Undergrad: 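Dropping the structure in here first, questions after.
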Number of protein chains: 2
Amino acid sequence: MHEQKEHLFLIFENLIRIKSECSCGIFSECTLSDITLKQIHYLKTIDQNKEVTFSRLAEITRNSKPTITEMINKLVRMECVYREPCQHDGRIAYIRLTGRGEMIARAEQKALEQVIERLMDSLDDQEINLLIEILKKVR
Amino acid sequence: MHEQKEHLFLIFENLIRIKSECSCGIFSECTLSDITLKQIHYLKTIDQNKEVTFSRLAEITRNSKPTITEMINKLVRMECVYREPCQHDGRIAYIRLTGRGEMIARAEQKALEQVIERLMDSLDDQEINLLIEILKKVR
DNA sequence: TACTAATTAGTTAGGGATTACCTAATAATA
DNA sequence: TATTATTAGGTAATCCCTAACTAATTAGTA
């Protein structure tokens, strides 16, 4: 019982290590070592809300519009987002993620994808199916 | 093949969700919603280096001693660390983690432990052994 | 219909609190 | 005299604000 737990702990630590190596890889590819938690959070919010404008982002994050302008200017300088003017209304600009911005916003997800690929390379078909059946049961 | 991947992705997302629920639980137990990444990093460094003094922590983190004094004062106010004067040398104080400080420094680890307990509750002995055998192969 | 008035979207200007660093000087101990 | 930690004073960046502004659009009215 206790031995099993120890085993599982080591195995999952290994998986987590692989995953964080992958996500570090993603971040260092973006060469943004001093990005802040807030900035990452803004990028995720932009990623999750399609067609987001300055006013809308201010609303979602419950900040003032000048705060959003400032934050977006910063993220533009970091090459994570850009402004796309609305075709139909000259007052409106949409905030879009660049490739780099999207990479950062989805780093967790992408790292997980890489871990799964590693997993699929290491195991045969039957083992993968077995793994799926077992882990499905965890709630 | 692609279906397996999709399955695995959903299953691991679920595990990660469980884990981050656990670690959020740990953090909210500590009632420290506005702790910074730097502060967490200092706590981890203190946890990993036994008998660490102000000078030593300055050396490890490559900061000046006044920076360390200030940071430790902040962490003391947050009840995450305390000073323990050295018995043999009145100039020296060791930096020790409080229960709360240790909780935060090891949140990841503790969350993983909770996930594994959940896993062991959901699976029988044979399944656990099978899981260990399969996941062992991932490198 | 055309023109003014009001509204809306985003920006600028100026400011404040906090974090996280620094050097120089100082106090206490070895 | 050397070492450990602290105090004093300062800087830069982040992340937030209000008030005032510009430009674009919409509504109201003559």
Side-chain angles (χ1 to χ4, degrees), chain A residues 27 30-46 49-97 101 104-105, chain B residues 27 30-46 49-97 101 104-105:
Chain A
F27 275 87
C30 301
T31 53
L32 281 169
S33 56
D34 49 0
I35 194 167
T36 67
L37 274 189
K38 297 257 179 184
Q39 287 161 4
I40 293 172
H41 191 254
Y42 275 98
L43 293 176
K44 285 183 179 172
T45 305
I46 294 163
N49 293 274
K50 297 292 156 201
E51 307 292 296
V52 69
T53 63
F54 286 75
S55 297
R56 181 78 189 109
L57 190 56
E59 215 175 277
I60 295 167
T61 63
R62 295 172 187 218
N63 286 124
S64 67
K65 288 195 281 181
T67 297
I68 302 303
T69 297
E70 189 185 48
M71 181 59 75
I72 295 303
N73 284 341
K74 175 76 189 171
L75 291 172
V76 166
R77 284 194 299 277
M78 292 162 84
E79 295 178 59
C80 291
V81 303
Y82 61 96
R83 286 169 172 81
E84 186 175 298
C86 175
Q87 299 290 320
H88 313 298
D89 189 335
R91 293 168 303 181
I92 294 172
Y94 295 112
I95 303 163
R96 308 279 190 210
L97 294 180
I104 295 165
Chain B
F27 275 88
C30 302
T31 53
L32 281 171
S33 55
D34 49 0
I35 193 166
T36 67
L37 275 188
K38 298 255 179 184
Q39 286 161 3
I40 293 171
H41 191 252
Y42 275 99
L43 292 176
K44 284 182 179 172
T45 306
I46 294 163
N49 292 274
K50 297 292 157 203
E51 307 292 296
V52 69
T53 63
F54 285 76
S55 297
R56 181 77 190 112
L57 190 56
E59 214 174 277
I60 295 167
T61 63
R62 295 170 188 219
N63 284 313
S64 67
K65 287 194 278 185
T67 297
I68 302 303
T69 297
E70 190 186 46
M71 180 59 75
I72 296 302
N73 284 341
K74 174 79 186 170
L75 291 173
V76 167
R77 283 194 300 277
M78 292 161 84
E79 295 178 61
C80 291
V81 304
Y82 60 95
R83 287 169 171 81
E84 185 174 297
C86 175
Q87 299 291 318
H88 314 296
D89 188 336
R91 294 169 304 178
I92 294 173
Y94 295 111
I95 304 163
R96 308 279 191 212
L97 294 180
I104 294 165

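Sequence lines set the chain letters: A, B, ... in the order given, protein chains first and strands last, and positions in each chain run from 1. On a predicted model such as this, the values are computed, not experimentally measured, just so you know.
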Undergrad: Does OP1 or OP2 of C/dT12 have a side-chain N or O of A/Thr69 closer than 4.0 Å?
TA: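 No, outside the criterion.
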
Undergrad: Given side chains that start at C-beta, do those of A/Leu75 and A/Ile95 come closer than 4.5 Å, heavy atoms only?
TA: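 Not in contact.
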
Undergrad: When you check the gap from the basic side-chain N to the acidic O, do B/Arg96 and B/Glu51 get nearer than 4.0 Å?
TA: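 Yes, charged N to carboxylate O under 4.0 Å.
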
Undergrad: Contact class for B/Arg83 vs. all strands (heavy atom < 4.0 Å): base, sugar-phosphate, or nothing?
TA: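 Since only primed, P, OP1 and OP2 atoms lie under 4.0 Å of B/Arg83, the category is sugar-phosphate.
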
Undergrad: Give me the atom names and distance for the closest heavy-atom approach of B/Ser55 to B/Lys65.
TA: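 Minimum heavy-atom contact is OG-CD, 3.5 Å.
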
Undergrad: If I compare all heavy atoms of A/Asn49 with all of A/Thr45, which pair ends up nearest, and what's the gap?
TA: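 Reported closest heavy-atom pair: ND2-O, 2.8 Å.
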
Undergrad: At a heavy-atom distance below 4.0 Å, which nucleotide of DNA chain D is the first touched by chain A, and which is the last?
TA: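 First-to-last contact on DNA chain D, by the 4.0 Å heavy-atom rule, is D/dT14 to D/dT25.
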
Undergrad: For nucleotides 19-30 of chain C, give me one character per nucleotide, 5' to 3': B if any protein heavy atom sits under 4.0 Å from the base, S if the only such contacts are to the sugar-phosphate, - if neither.
TA: SBBBBB----BS

Undergrad: Could you check A/Ile60, A/Thr61, A/Thr53 and say which one makes a side chain to side chain contact (heavy atoms under 4.5 Å, CB included) with A/Ile68?
TA: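 Output: one option passes, namely A/Thr61.
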
Undergrad: Against B/Cys80, only a single residue in B/Leu43, B/Leu97, B/Ile46 fulfils side chain to side chain contact (heavy atoms under 4.5 Å, CB included); can you say which?
TA: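 Exactly one pass, corresponding to B/Leu43.
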
Undergrad: Please step through side chain to side chain contact (heavy atoms under 4.5 Å, CB included) for the pair A/His41 and A/Lys38, ending with a clear verdict.
TA: CA-CA 5 Å; A/His41 191 254; A/Lys38 297 257 179 184; 5.5 Å; no

Undergrad: Could you measure the distance from the OH atom of A/Tyr94 to the CD atom of A/Gln87? Nearest 0.5 Å is fine.
TA: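 Going from OH on A/Tyr94 over to CD on A/Gln87, the span is 9.5 Å.
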
